[in-house]
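Each chain gets a letter, A, B and so on, in the order its sequence line appears, and its residues count up from 1. Small disclaimer: the values here were computed from a predicted structure and weren't measured.
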There are 2 protein chains.
Amino acid sequence: MPAKLRDVAQKAGVSIKTVSRVVNNQGEISEATRQRVLAAIADLHYRPSKVARALVTQRSDTVGLVLSDITNPFFPEVARGVLDVAESCGYNVFLCNSDGNLERETRILESLVDHGVDGVIIFPTFELEPVLRRLAGPHLPIVVVNRQYDLPGVSTVMIQTRRGAQLAVEHLIRQGHTAIAMLAGQSHEVPQLERVQGYRDVLAAHGLPIREEWIIGGVPVRNRGRESALALLSRYPEITAIFAYNDLLALGAIEACQALGRRVPEDCAIIGFDDIPLAGAVCPPLTTVHVHKYELGRLAVERLLQMLAQPDQTFVPIWADVELIVRASA
Amino acid sequence: MPAKLRDVAQKAGVSIKTVSRVVNNQGEISEATRQRVLAAIADLHYRPSKVARALVTQRSDTVGLVLSDITNPFFPEVARGVLDVAESCGYNVFLCNSDGNLERETRILESLVDHGVDGVIIFPTFELEPVLRRLAGPHLPIVVVNRQYDLPGVSTVMIQTRRGAQLAVEHLIRQGHTAIAMLAGQSHEVPQLERVQGYRDVLAAHGLPIREEWIIGGVPVRNRGRESALALLSRYPEITAIFAYNDLLALGAIEACQALGRRVPEDCAIIGFDDIPLAGAVCPPLTTVHVHKYELGRLAVERLLQMLAQPDQTFVPIWADVELIVRASA
DNA sequence: CTGAAAGCGCTTACAG
DNA sequence: CTGAAAGCGCTTACAG
């Protein structure tokens with residue numbers, strides 16, 4: 001049975017309030033009684049209960065991290081970033097997988113507030129405005145990644161997606177490519193649209209025609225990338241480069257080239273997005289747009305912590321950096 | 001300001017105890033007042049505070065998951081397994097990275113009990129006996145993965161490591177190899193020793209000599225695998241197969257072969273352990289011992305939940321299955 | 001079938 | 001510099 005404040009107080013011969021004061025080192029306390037209390041705490045291995053404290057202070061020193069799937073190679077590093085700084089600031093974090101399912105996102109968010117988290121970081125996959133409007137606020141700051149909501153209590157961290165897409169396509173053009181297709185991914189959410197827009201921007205800027213048949217959507221998984229690239233390359237053999245929505249699609253495209261006997265990058269250059277751990281390990285190693293994932297996680301918690309410290313302030317979006325990594329595939 | 005029990009009681013015109021009863025549906029309640037209470041709950045969007053409840057019941061509906069590093073490709077799937085079943089049973093989980101550091105493991109465990117978790121699952125990297133002896137017990141069940149402690153309140157889930165090693169080496173021998181080296185990994189903890197032991201077992205069983213110079217240790221990372229394999233293969237060109245402690249080392253060994261102009265598997269077969277996502281994606285795709293990671297996570301929480309349900313019972317270790325996946329490298 | 005009281009382990013004003 | 005009282009939002013015996 002763990003020791004409580006009362007046990008410590010009794011042992012030290014003081015009131016519980018005095019013990020509380022030395023634990024939270026607040027208020028003036030005579031050095032003598034302080035030492036006495038400290039000794040009692042050590043003797044009893046006393047550790048204050050965060051749940052009792054949370055009930056009165058309304059601060060639990062916990063935050064929630066909601067992402068679609070920790071198994072998606074994009075997320076472990078992000079999670080590491082948030083966990084590291086959260087821990088160093090005395091917070092513990094609940095990890096939750098939403099599977100990009102609005103109903104689950106909502107349920108998770110509610111369970112998180114039931115548990116009294118101080119704030120949450122979420123990578124949303126859907127339109128969260130109603131939920132955020134209901135849940136977020138001065139009592140529950142929420143930082144949303146890659147989507148902007150102008151709502152009280154919500155702040156955002158954005159990835160420079162469009163710029164990443166531009167870097168990728170510019171690289172291709174610099175290599176002399178003019179027939180560049182895009183594996184565009186699936187949803188019509190901002191991050192997806194931004195990549196396609198970056199692609200269009202750059203083609204237009206270089207006076208290259210935009211061929212809608214060369215922009216092909218689909219679930220961003222490897223097999224789908226393979227199929228899409230196969231279809232594209234068979235139908236339009238003049239294509240010499242492919243920019244993919246993410247690395248998984250790009251990997252599929254490499255397989256498609258191999259199946260068609262097209263060398264990468266000589267016959268068809270391929271470029272991905274995200275720079276997941278796999279990207280550098282396949283052959284040919286993938287040229288891709290690197291997202292600083294650890295940094296992204298770090299930025300997100302830091303922002304959350306700021307919101308916690310200054311509940312009434314509003315914050316401008318943070319933009320997380322992006323970088324082209326040239327390896328062998330393009 | 002969220003609604004409390006008292007608000008609901010007031011609105012429904014009953015005592016808080018009655019509301020509590022319908023919330024936890026315990027005790028007999030007349031259907032009429034039940035409906036009235038339910039209506040008030042819905043009106044007010046009432047959600048019971050888990051922290052208040054935790055203070056009295058000593059159950060927080062949270063558990064801790066402590067692993068060395070979520071960024072290690074072995075862990076995301078494990079985490080997914082525990083998160084999925086935990087969530088389906090109404091638990092939220094704290095994720096913590098220990099970095100295989102005893103001091104951090106201890107600190108994390110303590111912070112977890114401060115937060116009032118109902119139990120924890122830990123992948124230890126060190127000798128945890130003193131800590132477990134102090135912390136674990138009927139009040140705090142702990143399931144330990146891959147290490148056995150015969151302590152009250154601790155239960156274990158083991159991976160069939162030795163069997164996995166045996167499967168790997170037997171496969172090699174079946175392919176006609178007799179000169180088989182081992183990249184043995186680093187620590188001298190059980191999981192490492194078991195792999196080496198499996199390797200020795202099989203060689204001995206087939207009357208093959210065990211050459212200690214062919215068993216070479218080192219941090220289980222890719223670069224180190226490359227270096228070790230390079231050294232091994234240069235010094236002992238008669239080696240025709242390498243069994244690696246884990247996939248990362250195996251990947252490094254493949255690189256070494258490429259550097260030496262040895263074809264894999266023709267000139268040197270290579271086999272790994274774990275079957276991380278990378279394993280199937282490199283070339284040549286890695287033959288390896290698959291650990292059912294999601295399943296492992298699932299088994300661990302299920303065991304924890306059992307311990308929670310039956311605090312005084314003792315449980316025998318669970319053995320998580322392992323399977324040889326033959327791809328191209330061996 | 002329903003309620004009043006006590007208490008979970010702390011902190012927050014308020015006194016002295 | 002130190003303490004007694006009230007209360008955070010619930011549940012647990014105990015009555016009726």
Side-chain angles (χ1 to χ4, degrees), chain A residues 1-38 40-41 44-62 90 110-111 113-118 139-140, chain B residues 1-38 40-41 44-62 90 110-111 113-118 139-140:
Chain A
M1 204 53 49
K4 312 164 192 179
L5 213 45
R6 195 177 10 152
D7 303 323
V8 178
Q10 198 168 317
K11 175 141 197 157
V14 297
S15 74
I16 61 169
K17 175 54 189 155
T18 299
V19 180
S20 172
R21 266 194 276 253
V22 350
V23 168
N24 302 293
N25 53 92
Q26 55 183 214
E28 310 291 289
I29 296 180
S30 79
E31 194 49 28
T33 82
R34 202 166 156 279
Q35 291 306 335
R36 205 138 36 83
V37 170
L38 254 18
I41 287 174
L44 268 30
H45 292 108
Y46 170 71
R47 306 209 106 229
S49 155
K50 290 224 183 197
V51 0
R53 176 183 293 172
L55 187 56
V56 16
T57 61
Q58 306 288 27
R59 281 292 186 103
S60 61
D61 297 346
T62 64
E110 280 168 344
S111 102
V113 339
D114 291 350
H115 279 286
V117 296
D118 296 340
H139 285 292
L140 210 245
Chain B
M1 205 53 48
K4 313 163 189 179
L5 213 47
R6 193 174 14 146
D7 304 323
V8 178
Q10 199 168 320
K11 176 142 194 157
V14 297
S15 74
I16 62 168
K17 175 54 190 156
T18 301
V19 180
S20 173
R21 266 194 275 254
V22 350
V23 168
N24 301 295
N25 52 94
Q26 55 181 216
E28 310 290 288
I29 296 180
S30 80
E31 194 51 28
T33 83
R34 203 165 154 280
Q35 290 307 335
R36 207 140 33 86
V37 170
L38 255 17
I41 286 174
L44 268 30
H45 293 108
Y46 170 71
R47 308 208 106 229
S49 155
K50 291 225 181 195
V51 359
R53 175 184 293 172
L55 187 56
V56 17
T57 60
Q58 306 288 25
R59 282 294 186 103
S60 62
D61 296 347
T62 63
E110 281 169 343
S111 103
V113 341
D114 291 349
H115 278 287
V117 296
D118 295 341
H139 285 292
L140 211 243

task = Evaluate the criterion salt bridge (Lys or Arg N to Asp or Glu O under 4.0 Å) for residue pair Asp114(B) and Lys50(A); output intermediate values, then yes/no.
result = CA-CA 6 Å; Asp114(B) 291 349; Lys50(A) 290 224 183 197; 5.8 Å; no
query = Given dC8(D), is OP1 or OP2 found less than 4.0 Å from the side-chain N or O atoms of Ser49(B)?
reply = no
inquiry  = Let me confirm one number: the CD-NE2 distance from Glu110(A) to His45(B), rounded to the nearest 0.5 Å.
reply    = 9.0 Å
ask   = Rounded to whole angstroms, how far apart are CG on Asn25(B) and P on dC1(C)?
value = 14 Å
ask   = Which whole-number value in Å describes the distance from Arg21(A) CZ to dC10(C) P?
value = 16 Å
task = Would you please confirm or rule out a distance under 4.0 Å between OP1 or OP2 of dT11(D) and any side-chain N or O of Gln58(B)?
result = no
remark   = In this structure, CZ of Arg59(B) is separated from CG of Asp61(B) (nearest 0.5 Å) by 8.0 Å
note = Between Val14(B) and Leu55(B), the residue closer to the 5' end of DNA chain C by nearest nucleotide is Val14(B)
query = Just how far, in rounded Å, is C1' of dG3(D) from CG of Leu5(A)?
reply = 13 Å
task = Whole angstrom is fine here: how far is it from CG in Asn24(B) over to P in dC10(D)?
result = 10 Å
ask   = Should Thr33(A) be listed as having a side-chain N or O under 4.0 Å from OP1 or OP2 of dT2(D)?
value = yes
inquiry  = For dT11(D) and Ser20(B) - does any side-chain N or O of the residue sit under 4.0 Å from the phosphate oxygens OP1/OP2?
reply    = yes
ask   = Any side-chain heavy atom of Val8(B) sitting closer than 4.5 Å to one from Lys11(B)?
value = no
ask   = How long is the line joining CZ of Arg47(A) and P of dC10(C), in whole Å?
value = 12 Å
query = What does dA13(D) pair with, Watson-Crick or G-U, if both distances are under 3.5 Å?
reply = none
request  = Ignoring backbone atoms, establish whether Ser15(A) has a side-chain N or O less than 4.0 Å from OP1 or OP2 of dA4(D).
outcome  = no
ask   = For Lys4(B), which contact category applies under a 4.0 Å heavy-atom criterion: base, sugar-phosphate, or nothing?
value = sugar-phosphate
ask   = Please give, in whole Å, the distance from dA6(D) P to Lys17(A) NZ?
value = 17 Å
task = Take the protein atom CG of Asp114(B) and the nucleotide atom P of dC10(C), then report the distance between them rounded to whole Å.
result = 10 Å
ask   = With nearest nucleotides of DNA chain D determined for Ser30(A) and Ile16(A) from heavy-atom distances, which residue corresponds to the more 5′ nucleotide?
value = Ser30(A)
query = Which value, rounded to the nearest 0.5 Å, describes the distance between Ser49(B) atom OG and Arg47(B) atom CZ?
reply = 11.5 Å
ask   = Separation of His139(A) atom NE2 from dG9(D) atom P, in whole Å?
value = 11 Å
key: Thr18(A) vs dG3(D): side-chain N/O to OP1/OP2 distance below 4.0 Å   = yes
ask   = Closest to the Arg6(A) side chain: dC10(D), dC8(D), dC8(C)?
value = dC8(C)
inquiry  = Both distances below 3.5 Å, Watson-Crick or wobble geometry, any strand: find the nucleotide opposite dA4(D).
reply    = none
